[in-house]
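Below is one structure, written out as structure tokens; the observations come after it.
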Amino acid sequence: MRENDAVTSATRQPGTPSAALRPRLIATDLDGTLLRDDKSVSPRTVAALAAAEEAGIEVFFVTGRPARWMDVVSEHVHGHGLAICGNGAAVVDLHGGPGAHRFVEVRELARENALDTVQMLRGSAPGTVFAVEQTYGFHQEPSYPKLHMEIPDNLLPAEELLAPDGPDADQPVLKILAYHPTLDPDAFLTLARLAIGPRANVTRSSPSALLEISGPGVSKASTLALCCAERGISHEEVVAFGDMPNDLEMLTWAGRSYAMGNAHPDVLAAASGRTVANNEDGVAIVIEELLA
């Protein structure tokens with residue numbers, strides 16, 4: 001799978017062997033990684049996260065989820081209260097609880113880039129349908145399937161949703177979602193990256209042909225790197241967990257990384273380590289070993 005050219009600044013560089021360093025930050029994906037398939041956080045995982053924080057290791061949730069879907073872990077953010085959402089498009093303070101979160105940083109997708117992306121994919125993959133994720137809104141085309149278990153704020157063609165005078169035009173666009181009903185998910189990802197080029201960062205985390213498209217250079221890795229730099233934490237001091245292609249940059253940037261037993265083949269190949277599946281508390285097992 002081709003690395004997106006715009007995220008090279010978040011690529012791990014040679015340095016001190018990470019295994020010799022005590023971790024200062026744990027970065028973990030949620031769906032398919034920290035969360036079980038029923039979207040719960042197991043008691044063992046809750047205890048492991050608390051123990052890490054008590055030991056002085058910060059825990060960051062780094063997810064493709066929008067901020068409004070973070071209630072499942074909002075009570076486990078501990079001291080700092082921050083999470084990286086939308087595949088790096090936003091850093092969110094969850095202290096206020098569901099519906100009262102605060103955006104600390106937003107890395108938006110310019111509407112011009114989003115419109116170019118829509119045009120490119122309509123030409124390269126006919127039948128693609130779109131949805132638009134904003135800081136506080138979610139909009140979709142009428143033919144976009146019901147994938148997200150929520151009622152969209154507007155049903156309009158993507159060109160109208162992304163127009164300068166479109167719905168919620170005062171809100172930043174965090175990402176657009178592109179769905180194709182028949183293409184293979186990995187083939188769709190490769191096709192889209194070739195078609196879109198440097199206009200946006202394209203990835204995926206769904207088992208279906210659903211792409212997540214963010215601003216150029218925006219990824220879990222690049223935003224995590226910014227958060228770590230603010231704290232004086234090097235990549236060698238970061239341990240990361242993930243399971244899908246949207247985790248790849250983060251896993252290759254972190255000093256130590258673990259692919260879940262249920263991970264995508266590319267993730268299994270890219271991570272420096274492997275743990276058991278999400279339903280078997282794979283993240284908790286590694287944290288317990290780190291703290292032992």
Are the side chains of [Y] and [X] in contact, using a 4.5 Å heavy-atom criterion?
| X | Y | answer |
| --- | --- | --- |
| T223 | V91 | yes |
| K220 | I84 | no |
| R102 | V92 | no |
| R36 | V41 | no |
| C228 | H235 | no |
| L34 | D29 | no |
| I285 | R44 | yes |

[X] side chain vs [Y] backbone, donor-acceptor pair below 3.5 Å:
| X | Y | value |
| --- | --- | --- |
| K175 | G64 | yes |
| E212 | S205 | yes |
| E53 | V59 | yes |
| N154 | L156 | no |
| T128 | A125 | yes |
| E108 | A89 | no |
| D281 | A284 | no |
| S257 | A240 | no |
| H139 | D168 | no |
| N87 | T203 | no |

[X]-[Y] side chain donor-acceptor pair, cut-off 3.5 Å:
| X | Y | value |
| --- | --- | --- |
| S219 | N201 | no |
| S222 | R107 | yes |
| D247 | H264 | no |
| N278 | D37 | yes |

How would you list all residue pairs meeting salt bridge (Lys or Arg N to Asp or Glu O under 4.0 Å) that involve residues 115-133, not counting sequence neighbours? R68-E133, R122-E141, R122-E159
Could you grab the distance from atom CZ of R204 to atom CG of L248, nearest 0.5 Å is fine?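 Result: 10.0 Å between the selected atoms.
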Pairing of R199 and E112 as salt bridge, 4.0 angstrom limit: no
E58 with R231: basic N within carboxylate O range, under 4.0 Å: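 Here E58 pairs with R231 in a salt bridge, since their nearest N and O are under 4.0 Å apart.
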Determine, stepwise, if the pair V202 / L189 fulfils side chain to side chain contact (heavy atoms under 4.5 Å, CB included). CA-CA 7 Å; V202 187; L189 177 60; 3.8 Å; yes
With Y179 via ring-ring contact (aromatic ring centres under 6.0 Å, His included) - residues at least two apart: none
CD/Q171: more than 12 non-hydrogen atoms of other groups inside 6.0 Å: yes
Do other residues, nucleotides or ligands put more than 12 heavy atoms under 6.0 Å from the CZ atom of R111?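 It does: R111 CZ has more than 12 such atoms within range.
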Between L226 and E105, is a side chain to side chain contact (heavy atoms under 4.5 Å, CB included) present by the stated rule, with each step listed? CA-CA 11 Å; L226 292 173; E105 184 172 350; 4.0 Å; yes
What class does the angle between the rings of F241 and Y258 fall in, given that below 30° is parallel, 30 to 60° is tilted and above 60° is perpendicular?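 Parallel, since the angle between the ring planes stays under 30°.
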